Every structure is written in structure tokens, then in C-alpha cells.
Amino acid sequence: MKERVSARWDGAILVCGKCSKKVGGGFGAKGKRALAKELRGQPGLGKGRKAATGVVETKCLGICPRGAVVVVDTRVPGEWRLVRAGADVAALAATLRG
């Protein structure tokens, strides 16, 4: 069995799953999709190991803002973002891609 598997990721975007549940989706055209799913649909971001930057939904990150989702870009670990429900996901993705 292999001990290592290569990935093309240059970083990962961590999205708090608990915040996503509390917001009740809040993103997309109808405001019903989770932030992680919306981010995975943006160019350069994805779920699989062949994506340029991976998007991973995590357990609670411990911030718990009202009406927002916590997002951590692993390339900038000292700066966590609070993304309000209904925010422009395409603009967010553009800032996360670098």
C-alpha cells in the first residue's frame, strides 16, 4: 500500500461546517447553498487532489460569528476571515486564489 499520495494543491481553504449550518446555506443564486460548495465551483478551487487550491469543510473552528462563516486560507494562517451570508463568492474566490 502507498504511504504517500501527491496532490497539486498550493494551499487549502478551510470552511467552518458549524457556521455553515447556522447560516443555513446563505450563498449562491437562491441563498441556499453552503459556502464550501459554492467555493468548490469557482475556477482554481476544488475538492479533489487535482485542484489548484483545495476547499475543505471542517468541524467548528471556535469563533462562531452571527450570520457569517469562518474561512481560513492556509497560505495566510494568521488571518481568518468572517464571510457574511449572501456575500459575493466570486469576489471572495478571487482574493483567495491570490
Side-chain angles (χ1 to χ4, degrees):
M1 179 165 69
K2 291 183 180 183
E3 290 185 19
R4 296 177 190 225
V5 177
S6 64
R8 295 182 191 164
W9 291 6
D10 60 357
I13 308 300
L14 308 177
V15 180
C16 180
K18 186 174 180 181
C19 291
S20 292
K21 280 187 179 179
K22 283 186 175 183
V23 171
F27 299 93
K30 295 182 181 179
K32 298 198 181 221
R33 292 194 64 188
L35 180 59
K37 285 191 178 218
E38 281 294 309
L39 284 173
R40 287 181 190 131
Q42 299 297 316
L45 302 175
K47 183 177 181 180
R49 63 186 185 90
K50 293 183 180 179
T53 303
V55 178
V56 179
E57 193 167 50
T58 66
K59 292 188 176 188
C60 183
L61 292 172
I63 303 295
C64 304
R66 289 184 184 205
V69 178
V70 179
V71 175
V72 180
D73 184 349
T74 60
R75 295 168 292 187
V76 188
E79 182 180 314
W80 293 19
R81 297 176 187 231
L82 304 178
V83 181
R84 297 275 171 216
D88 183 7
V89 177
L92 173 65
T95 62
L96 293 173
R97 280 185 300 236

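Only a predicted model underlies this, so the values are computations on that prediction, with no experimental measurement involved.
Looking at Thr74, its side chain does come within 3.5 Å of a backbone N or O of Ala12 through a donor-acceptor pair.
For Ala52 against Gly44, the heavy-atom pair with the smallest separation is CB-O, 3.4 Å. The two residues Cys16 and Cys60 make their nearest non-hydrogen contact at SG-CA, 3.8 Å. The nearest pair of heavy atoms linking Asp73 to Leu96 is OD2-O, 3.7 Å.
For residues 46-60, no residue pair satisfies the salt bridge (charged side-chain N to carboxylate O under 4.0 Å, His left out) rule, not counting sequence neighbours. Screening residues 6-27 for salt bridge (charged side-chain N to carboxylate O under 4.0 Å, His left out), with sequence neighbours left out, gives Asp10-Arg75. Under the salt bridge (charged side-chain N to carboxylate O under 4.0 Å, His left out) criterion, no residue pair touches residues 82-93, with sequence neighbours excluded.
Contacts of Val23 classified as side-chain contact (heavy atoms from CB on, under 4.5 Å), with partners at least two apart in sequence or in another chain: Val69, Ala85. In this structure Arg40 satisfies the side chain to side chain donor-acceptor pair (under 3.5 Å) test with no other residue, sequence neighbours excluded.
Between the OG1 atom in Thr58 and the CD1 atom in Ile13 there is a gap of 12.0 Å [rounded to 0.5 Å]. Taken from CD in Glu38 to CZ in Phe27, the straight-line distance is 9.0 Å, to the nearest 0.5 Å.
Residues Val15 and Leu39 have side chains in contact (heavy-atom distance under 4.5 Å, counting atoms from C-beta outward).
Cluster note: Ile63 groups with Trp9, Leu14, Val56, Leu61, Val70, Val72, Trp80, Leu82 through ILVMFWY side-chain heavy atoms spaced under 4.5 Å, whether in direct contact or through intervening members.
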